[in-house]
Amino acid sequence: MSEQNNTIKGKAFVLGKNIDTDQIIPAEHLVYSLDDPEERKFYGRYALSGVPEEQSGLPEGGIPLVEDDAFESEFNIIVGGTNFGCGSSREHAPASLDIAGVEAIIAPTFARIFYRNSVDGGFVIPYESLNDLSQEVHTGDELEIDAKNRTVMNKTQNKEYDIRPLGSVADIVNAGGIFEFARKEGMIDVKN
């Protein structure tokens with residue numbers, strides 16, 4: 001799916017600034033295999049479990065991304081503050097969000113390694129907002145991201161915001177990662 005056709009609709013989950021990879025998936029939960037479907041789902045269960053309770057699901061706080069008895073979230077769009085994904089370079093961080101059902105993250109800035117891991121692994125689409133939407137959007141708001149028009153519509157509050165263009169980022173994520181994208185585009189030989 002190209003950027004021109006990419007629209008994501010869903011419920012927002014709001015976080016503050018400097019959300020690091022240890023908050024996204026704490027080291028104590030890095031014991032599961034990403035290749036084993038029964039173990040893999042635990043990355044979804046523990047996604048964002050390192051965020052302090054009062055900062056999880058803003059503005060009120062106290063809302064987990066994934067309920068205790070679930071492996072996937074009812075929220076599929078994360079809205080964060082500046083420097084989202086800072087910290088270590090673990091690709092388990094964007095993978096855990098993907099496994100939890102997150103399709104997109106909107107933030108004014110991302111840590112570069114988190115951004116590349118999100119895209120190259122085909123996990124989630126990182127949209128850069130022109131403003132810090134974590135100060136305006138509330139957890140549970142219904143959002144619609146329109147990549148073609150570079151907008152985010154908050155249907156709950158009836159407000160529209162601008163986002164930066166993605167370029168080939170959406171194509172890479174939608175292909176399943178950088179290697180699948182390269183195969184699809186004929187940059188890598190496909191062996192039968």
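All values derive from a computational prediction rather than experimental measurement. This chain uses plain numbering: 1 for the first residue, then up along the sequence. Because only heavy atoms are used, hydrogens play no part in the values below, and waters and symmetry mates are left out as well, while side chains stay in.
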Would you please name every residue forming a side-chain contact (heavy atoms from CB on, under 4.5 Å) with L30, sequence neighbours left out? I25, A27, Y43, R90, H92
So if you build clusters from Ile, Leu, Val, Met, Phe, Trp, Tyr with side-chain heavy-atom gaps below 4.5 Å, do [X] and [Y] land together?
X: F84; Y: I8; value: yes
X: I113; Y: F123; value: no
X: V119; Y: I163; value: yes

For a side chain to side chain contact (heavy atoms under 4.5 Å, CB included) check, start with the C-alpha distance between V137 and T156, then their side-chain angles and the critical distance, and finish with the verdict. CA-CA 9 Å; V137 176; T156 303; over 6 Å; no
Can you tell me how far [atom2] of [Y] sits from [atom1] of [X], rounded to the nearest 0.5 angstrom?
X: L130; Y: T151; atom1: CG; atom2: OG1; answer: 11.0 Å
X: E91; Y: T21; atom1: CD; atom2: OG1; answer: 12.5 Å
X: I24; Y: L65; atom1: CD1; atom2: CG; answer: 10.5 Å
X: S73; Y: K11; atom1: OG; atom2: NZ; answer: 8.5 Å
X: Y127; Y: D162; atom1: OH; atom2: CG; answer: 14.0 Å
X: I172; Y: R116; atom1: CD1; atom2: CZ; answer: 5.5 Å

Please name the pair of heavy atoms, one in [X] and one in [Y], separated by the smallest distance, quoted to 0.1 Å.
X: G10; Y: I77; result: N-CD1, 3.8 Å
X: A111; Y: G85; result: CB-O, 3.3 Å
X: I19; Y: Q23; result: CA-OE1, 3.3 Å
X: H138; Y: V14; result: C-CG2, 3.6 Å
X: L97; Y: A47; result: CD2-CB, 4.1 Å
X: E67; Y: P64; result: OE2-CG, 4.0 Å

Return each pair, listed once, that meets salt bridge (charged side-chain N to carboxylate O under 4.0 Å, His left out) where at least one residue sits in residues 129-144; pairs must be two or more places apart or across chains. E144-K155
Let's go through R40 and E72 carefully: what are the C-alpha distance in whole Å and the side-chain angles of both, what is the deciding distance for salt bridge (Lys or Arg N to Asp or Glu O under 4.0 Å) to 0.1 Å, and is it a yes or a no? CA-CA 12 Å; R40 178 182 175 85; E72 288 189 23; over 6 Å; no
Going by the side-chain contact (heavy atoms from CB on, under 4.5 Å) test, name the single residue among I145, N158, T7, D146 that passes it with M153. N158
Testing I178, D120, L166, I125 for side-chain contact (heavy atoms from CB on, under 4.5 Å) with V173, which one passes? I125
Report yes if the side chains of V169 and P126 come closer than 4.5 Å at any heavy-atom pair, otherwise no. yes
Where at least one partner belongs to residues 53-62, residue pairs that pass side-chain hydrogen bond (donor to acceptor under 3.5 Å, both in side chains), sequence neighbours excluded: none
Pairs where residues 26-38 contributes a residue and the test side-chain hydrogen bond (donor to acceptor under 3.5 Å, both in side chains) is met, not counting sequence neighbours: E38-K41
Of all residues at least two apart in sequence or in a different chain, which pass the ring pair (Phe, Tyr, Trp, His ring centres under 6.0 Å) check with F75? F13
Check: N131 side chain, L133 main-chain N or O, donor-acceptor pair, under 3.5 Å: no
Do D171 and N174 have side-chain atoms, one donor and one acceptor, less than 3.5 Å apart? no
List the atom pairs, with distances to 0.1 Å, where a side-chain N or O of residues 98-110 and a protein N or O form a donor-acceptor pair under 3.5 Å, not counting sequence neighbours.
from: E103; atom 1: OE2; to: N76; atom 2: ND2; distance (Å): 2.8
from: T109; atom 1: OG1; to: N83; atom 2: N; distance (Å): 2.7

For atom CZ of F179, decide whether the heavy atoms of other residues, nucleotides or ligands shown that lie under 6.0 angstrom number more than 12. no
Side chain to side chain contact (heavy atoms under 4.5 Å, CB included), that's the test. Do V66 and F71 meet it? Break it down for me. CA-CA 7 Å; V66 180; F71 294 100; 5.7 Å; no
